[in-house]
Amino acid sequence: MPRLPLLIVLLIVSAIIALWESPPAILQTPPSATHNSFPIAYMMDTETKKYALDGQLEYLFKAERVNYFEFDQTEQNYAQALKPVITIFGDTSEPWHIRSEHGHSDDNGEKITFTGNVVVWQIDAQHARTELTTEKLVVIPSREYAQTEKAVRLITVDSVTTAVGMKAFFKQDRLLLLSQVQSTIKRATGQHPTRNKHDEN
């Protein structure tokens with residue numbers, strides 16, 4: 001009997017870790033907790049590492065706090081994170097980093113949805129920074145993929161680009177802007193910037 005409470009705690013902790021580590025597969029909208037819903041467990045200052053079969057680190061996930069919500073069969077269980085940060089490691093390229101104010105992961109661990117002041121960035125071998133900002137980003141870590149239908153702003157060393165909608169293929173270091181794309185090309189000192197407008201569908 002004295003071991004029962006410890007067993008329950010271990011099961012809850014294992015459920016939360018499995019929720020974040022389960023390999024993503026599809027995109028879908030995460031559920032929202034009602035005013036009468038409370039987490040059955042929470043973790044502070046969490047850090048989760050996911051490794052590939054060859055032992056290589058695939059991604060590192062951190063958060064100030066993770067709440068785990070459990071419902072009956074009418075709703076999906078899910079986890080809710082405060083100030084999540086994820087680092088996705090490619091095979092050869094420099095890692096990509098994503099942070100936001102909040103995050104969700106559904107019961108199957110099929111995705112992590114970052115919301116509120118989302119920042120995506122990479123610093124290459126020449127210390128050049130590529131940074132993208134938006135308000136919502138759905139991430140599939142095991143596929144090194146992310147997407148959003150929201151407005152985005154992309155800043156590189158030589159341009160500033162805005163668009164609506166984006167798909168990110170982190171393994172290929174490729175960001176695909178979907179529509180209403182407008183770019184400002186930075187020029188050398190003393191020259192005026194050049195503006196470009198084009199749509200990609």
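Just so you know, these numbers come straight off a predicted model, no measurement behind them.
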Visitor: So do Glu64 and Met44 actually touch side chain to side chain, heavy atoms under 4.5 Å?
Guide: no
Visitor: Using modelled atom types only, decide if a donor and an acceptor are shared between the side chain of Ser179 and the backbone of Val164 within a distance under 3.5 Å.
Guide: yes
Visitor: Among all residues two or more places apart in sequence or in another chain, which pass the salt bridge (charged side-chain N to carboxylate O under 4.0 Å, His left out) test with Glu58?
Guide: Lys50
Visitor: Going from CG on Leu176 to CD on Gln147, what distance comes out if it is rounded to the nearest 0.5 angstrom?
Guide: 10.5 Å
Visitor: Rounded to the nearest 0.5 Å, how far apart are OG1 of Thr48 and CE of Met43?
Guide: 6.5 Å
Visitor: Of all residues at least two apart in sequence or in a different chain, which pass the ring-ring contact (aromatic ring centres under 6.0 Å, His included) check with Tyr51?
Guide: none
Visitor: Could you tell me whether the side chain of Glu144 and the main chain of Ile88 form a donor-acceptor pair under 3.5 Å?
Guide: no
Visitor: Please find out if less than 6.0 Å separates the ring center of Tyr145 from that of Phe169.
Guide: yes
Visitor: Quick one: does Thr148's side chain have a donor or acceptor within less than 3.5 Å of a partner on Lys136's backbone?
Guide: yes
Visitor: Calculate, to the nearest 0.5 Å, the distance between atoms NZ and CZ belonging to Lys167 and Arg174 respectively.
Guide: 9.5 Å
Visitor: How about Arg129: does its CZ atom have over 12 heavy atoms from other parts shown lying under 6.0 Å from it?
Guide: yes
Visitor: Who are the side-chain hydrogen bond (donor to acceptor under 3.5 Å, both in side chains) partners of Thr133, not counting sequence neighbours?
Guide: none
Visitor: Within the structure provided, determine whether Leu60 and Glu47 are in side-chain contact (heavy-atom separation under 4.5 Å).
Guide: yes
Visitor: Do Asp124 and Thr130 have side chains that get closer than 4.5 Å, going by heavy atoms?
Guide: no
Visitor: Using the rule given for side chain to side chain contact (heavy atoms under 4.5 Å, CB included), can you reason through Asn117 versus Glu135, listing the C-alpha separation, both sets of side-chain angles and the distance that settles it, and then say yes or no?
Guide: CA-CA 5 Å; Asn117 299 320; Glu135 281 302 307; 3.7 Å; yes
Visitor: Locate the shortest heavy-atom distance separating Arg153 from Thr162; write the atom from each residue and the value.
Guide: NH1-CG2, 4.1 Å
Visitor: If only atom types and distance count, is the side chain of Thr134 paired as donor or acceptor with the main-chain N or O of Ala151 below 3.5 Å?
Guide: yes
Visitor: For residues Gln56 and Phe89, determine if any side-chain heavy atom of one lies less than 4.5 Å from a side-chain heavy atom of the other.
Guide: no
Visitor: At what distance, to the nearest 0.5 angstrom, does NZ of Lys62 lie from OG1 of Thr87?
Guide: 7.5 Å
Visitor: Between Trp96 and Val139, is there a side-chain heavy-atom distance shorter than 4.5 Å?
Guide: no
Visitor: Would Leu177 end up clustered with Leu137 when hydrophobic side chains under 4.5 Å apart are linked, directly or stepwise?
Guide: yes
Visitor: Please report the C-alpha distance between Tyr78 and Thr113 in whole Å, then the side-chain angles of each, then the deciding distance to 0.1 Å, and finally whether the side chain to side chain contact (heavy atoms under 4.5 Å, CB included) criterion is met.
Guide: CA-CA 11 Å; Tyr78 73 100; Thr113 301; over 6 Å; no
Visitor: Could you check Tyr59, Trp121, Phe61 and say which one makes a ring-ring contact (aromatic ring centres under 6.0 Å, His included) with His97?
Guide: Trp121
Visitor: Are Leu57 and Ile86 grouped together when hydrophobic residues (ILVMFWY) are joined by side-chain heavy atoms under 4.5 angstrom apart?
Guide: no
Visitor: Answer yes or no: is there a side-chain heavy-atom contact under 4.5 Å between Ile112 and Pro84?
Guide: no
Visitor: What is the distance from atom CG of Asn77 to atom CD1 of Ile40, rounded to the nearest 0.5 Å?
Guide: 7.0 Å
Visitor: So which heavy atom on Ser100 is nearest to which on Phe114, and how close?
Guide: OG-CD2, 3.2 Å
Visitor: Nearest 0.5 Å, what's the OG1-CD1 distance between Thr161 and Ile185?
Guide: 6.0 Å
Visitor: Could you check if a side-chain atom of Phe38 sits within less than 4.5 angstrom of a side-chain atom of Asn67, using non-hydrogen atoms only?
Guide: no
Visitor: Does Leu82 reach the side chain of His102, with side-chain heavy atoms less than 4.5 Å apart?
Guide: yes
